[in-house]
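Everything below concerns the one structure shown next.
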Amino acid sequence: MAKIDQVRNIGIVAHIDAGKTTVSERFLYHSGKIHKAGEVHDGETQMDWMAQERERGITITAAATTFEWAKHEIHLIDTPGHVDFTIEVERSLRVLDGCVVVFCAVGGVQPQSETVWHQADKFKVPRLAFINKLDRVGADFAAVVAEIRERLGANAVPIQLPIGTEDAFEGVIDLVRMRALYFSGELNDTPRVEDIPAELAEAAATARDAMINSLADLDDALAERYLEGGELSVAELDAVIRKATCAVKMVPVLGGTALRNKGIHPLLDAVIGYLPSPADVPPVHGVDPRDPTKELSRAPKNSEPFAALAFKVAMDEGRKVVFLRIFSGTVEAGAEILNVRTGKKEKISRLFRIHADKRERLDKGVAGEIVAAAGLKDATTGDTMCVATAPILLERIDTYEPVISQAIEAENSQAKERLDFALGKMVEEDPTFRTNEDSETGQTIIRGMGELHLEIIVDRMRREYGVQANVGKPQVVYRETVTGEAEGTAVFERELESKHLYGEATCKVAARPRGAGIVVEKKLPPVPMLPDEVVAAAMQGLKDAASSGADGFPLVDVEVTLLAVGIREGADPVIGARAAAAEAFRRAVVAAGPVRLEPIMNVEVTTDDEFLGAIIGDLNQRRGHIQDVAQRGTKRLVTARVPLRNMFGYSTRMRSLSEGRATYAMTFDAYGTLEG
């Protein structure tokens with residue numbers, strides 16, 4: 001087991017298609033962890049192991065693995081790039097000590113690169129930038145570095161200079177060691193180290209000066225040595241780069257092309273050289289669950305009490321596996337630990353080290369490690385697991401509210417049981433996936449982060465749980481109200497099993513302000529005096545009838561007043577009064593101008609200026625009423641009220657209108673008329 005300062009917990013994050021998974025595969029191959037490098041386009045990668053990932057050529061779930069490089073142990077998480085799976089990135093970054101952000105040398109800073117960058121900022125995660133695909137037509141290393149600085153506000157400092165561009169890209173100049181590294185492109189070849197070619201000597205010297213100037217701004221001692229004209233050693237430069245990177249004050253930039261096996265070795269060396277070990281990371285902070293005002297911390301040492309964060313739940317052949325980042329202390333298989341959220345102890349039956357979908361048994365997990373635990377029945381994403389004698393509550397992982405929903409139904413009652421079981425497992429696994437039964441339509445509604453998200457969920461239920469289900473759009477549940485005021489009178493008379501039933505009633509309905517609800521009251525004349533049970537029956541008849549309007553939808557925002565009740569000697573008045581009141585109410589509603597209402601949503605869209613017109617135009621087409629257009633930082637915030645039924649399919653449309661850069665949130669506002 002590696003010492004804690006020889007461990008690196010890193011993630012690989014990027015926009016979709018920048019080449020994250022290919023970088024991960026090359027890491028594993030060059031470290032000797034795997035003996036065949038899989039390609040995303042062939043559906044053969046180790047890290048994209050789910051059938052859905054291999055078919056679509058995208059990463060859906062964050063895959064974890066462990067490998068060795070230069071006598072160091074690297075725990076690696078390859079994360080998704082698609083915005084629908086942003087929780088996977090969020091929860092991975094929460095537990096990682098550093099990350100490699102991959103940029104496409106042609107695409108530069110793409111929308112999802114911005115999202116993951118800001119997520120890394122949120123958790124203050126040190127990072128390296130790797131500009132991938134330098135062999136592609138249109139690749140521009142310097143332009144991408146400039147974009148990282150401008151669009152992400154990062155202090156990006158190139159520590160390499162590419163040799164050749166596009167097809168002619170053959171290596172990099174290491175500006176710290178001032179040497180040229182050439183890559184043959186063959187999988188098994190290590191970089192060839194040579195002197196810097198004469199024609200690049202001047203460019204290399206200029207680039208090195210720029211790098212040292214950037215470092216001098218961050219380190220006074222180095223600045224003094226540099227100004228005095230002293231020769232700076234490789235060890236000094238490495239130490240300053242490492243310190244500034246760990247403090248999130250600079251981002252070293254490297255380049256290469258992972259698919260052609262160029263630039264991977266120096267990137268791995270940079271991970272070891274510049275990204276922090278768990279020992280370099282500040283102690284993790286939390287509170288005492290028994291007294292939330294009392295702050296606690298845990299240093300990343302085995303001697304400290306055990307504390308870990310459950311950051312991911314996965315189902316493995318129906319069994320629950322919980323991924324834990326151990327921040328302090330040690331834990332053994334068979335140990336009992338406290339789940340702070342539930343206040344109950346749970347037993348770890350087995351511990352594993354994970355390699356994508358394979359696993360290796362562990363006897364013990366130590367501070368700084370990422371392990372998988374079986375046997376934790378109640379643990380979910382964001383739970384703190386710790387030793388019961390020294391409890392600590394760590395900050396939970398933020399989750400996201402679902403923005404899209406669909407109806408799903410099983411083919412028969414047998415399949416319904418399997419569907420409910422599968423949905424339960426999926427909800428445990430994915431904090432951005434929710435499900436509920438609509439009490440009014442009886443449909444099961446599933447909700448998630450986007451159409452692709454729900455498509456994958458349904459596909460997984462089919463393959464992993466054998467659930468055949470029909471999926472459609474959810475039905476919008478309408479309401480009804482009245483626009484005016486009217487009275488209705490009805491007489492009910494019937495013979496029933498030698499019993500004479502009779503009742504008559506008059507009631508008035510009137511419109512109330514939107515959102516005011518229903519009021520049912522009585523204003524009966526003082527004479528004749530009616531038995532209490534007859535009045536109660538008439539009032540119950542009104543309440544029953546008020547549950548649905550003229551078109552059968554639930555009625556809202558109406559004032560109902562019982563004005564008169566008539567009975568006849570010798571007839572049963574209770575049933576008659578109830579039935580007459582209900583019919584009088586229906587007649588009054590028809591006369592008072594019934595109108596159908598639909599759910600109106602508050603929609604907030606955050607977008608760049610250049611897409612503002614297209615976003616507003618699309619909301620207008622959806623019969624949205626724009627309420628406000630405001631500035632939020634560099635973005636514009638559009639607020640609108642839009643009927644829910646016009647919002648289906650919106651996330652896909654919004655992303656296509658904004659090149660994937662816009663985001664939106666939607667909340668229920670009120671029921672309104674179809675005209676607005």
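Computed over heavy atoms, backbone and side chain alike; hydrogens, waters and symmetry mates excluded. We number each residue from 1, following the sequence as shown.
If you take CD on E485 and OG1 on T561, they are separated by 8.5 Å, rounding to the nearest 0.5 Å. For the atom pair I337 CD1 and K345 NZ, the distance stands at 11.5 Å (nearest 0.5 Å). Taking CZ of R641 as the start and NE2 of H625 as the end, the distance is 8.0 Å to the nearest 0.5 Å. The distance from atom OH of Y502 to atom CD1 of I575, rounded to the nearest 0.5 Å, is 16.0 Å. We find the CG-CG distance between L524 and L530 to be 6.5 Å, quoted to the nearest 0.5 Å. Rounded to the nearest 0.5 angstrom, M654 CE and M647 CE are separated by 8.5 Å.
Within the 4.5 Å cutoff, side-chain heavy atoms of V520 are placed close to those of M539. Looking at heavy atoms from C-beta onward, T384 lies in side-chain contact with L309 at the 4.5 angstrom threshold. Side-chain contact between L657 and F611 is absent, with no heavy-atom pair separated by less than 4.5 Å. Counting heavy atoms from C-beta outward, I392 and V340 have side chains that stay 4.5 Å or more apart. Taking 4.5 Å as the limit, every side-chain heavy atom of I445 sits out of range of all side-chain heavy atoms of T435. Side chains of S658 and V605 form no contact here, defined as non-hydrogen atoms less than 4.5 Å apart. Taking 4.5 Å as the limit, some side-chain heavy atom of L619 sits within range of a side-chain heavy atom of V638. Annotation: side chain of V556 is not in contact with side chain of E480 (no heavy-atom distance under 4.5 Å).
Remark: the backbone N or O of G593 is paired with a side-chain donor or acceptor of T483 at under 3.5 angstrom. At least one donor-acceptor pair under 3.5 Å links the side chain of E346 to the backbone N or O of D378.
Contact record, P292 with P289: CD-O, 4.3 Å, taken as the closest heavy-atom pair. Summarising the geometry of A308 relative to L324, their closest heavy-atom pair is CB-CB, 4.3 Å, with the distance given to 0.1 Å. Minimum heavy-atom separation, V535 to K522: CG1-CD, 3.6 Å. The two atoms that bring V565 and A577 nearest to each other are CG1-CB, 4.2 Å, heavy atoms only. Nearest heavy-atom pair across V589 and P594 is O-CD, 3.4 Å. The two residues A571 and L501 make their nearest non-hydrogen contact at CB-C, 4.5 Å.
There is a side-chain donor-acceptor pair under 3.5 Å between D383 and N339.
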Take C507 and L563 through the side chain to side chain contact (heavy atoms under 4.5 Å, CB included) test and state the conclusion after the steps. CA-CA 5 Å; C507 75; L563 299 175; 5.7 Å; no
Report the C-alpha separation of E610 and R636 in whole Å, then their side-chain angles, then the decisive distance to 0.1 Å, and conclude whether the salt bridge (Lys or Arg N to Asp or Glu O under 4.0 Å) test is met. CA-CA 10 Å; E610 59 194 287; R636 301 301 286 271; over 6 Å; no
Apply side chain to side chain contact (heavy atoms under 4.5 Å, CB included) to residues Y650 and R622 and explain how you reach the verdict. CA-CA 10 Å; Y650 182 66; R622 293 171 188 272; 3.3 Å; yes
Decide yes or no on side chain to side chain contact (heavy atoms under 4.5 Å, CB included) for T489 and E504, but give the supporting numbers first. CA-CA 7 Å; T489 300; E504 55 185 88; 5.8 Å; no
With side chain to side chain contact (heavy atoms under 4.5 Å, CB included) as the test, would you mind laying out the steps for V287 and L296 before giving the verdict? CA-CA 5 Å; V287 295; L296 301 172; over 6 Å; no
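Within a 6.0 Å sphere centred on CD of E417, other residues, nucleotides and ligands contribute 12 heavy atoms or fewer. For E493, the CD atom counts as densely surrounded, since its 6.0 Å shell holds more than 12 non-hydrogen atoms of other residues, nucleotides or ligands. Around atom CG of D291, more than 12 heavy atoms belonging to other residues, nucleotides or ligands sit under 6.0 Å away.
Partners of E409 by side chain to side chain contact (heavy atoms under 4.5 Å, CB included), not counting sequence neighbours, listed by chain and number: N470.
Here E583 does not pair with R578 in a salt bridge; the nearest charged N to carboxylate O distance is not below 4.0 Å. Looking at E598 and R479, no side-chain N of the basic residue comes within less than 4.0 Å of a carboxylate O on the acidic one, giving no salt bridge. With salt bridges taken as basic N to acidic carboxylate O contacts below 4.0 Å, one links D618 and R653. Between E495 and K499 there is no salt bridge, since no side-chain N of the basic residue sits under 4.0 Å from a carboxylate O of the acidic one.
Within the cation-pi definition used here (under 6.0 Å to the ring centroid, within 45° of the axis), R325 does not qualify as a partner of F311.
Residues in residues 512-521 take part in these salt bridge (Lys or Arg N to Asp or Glu O under 4.0 Å) pairs, two or more places apart or across chains: R514-D557.
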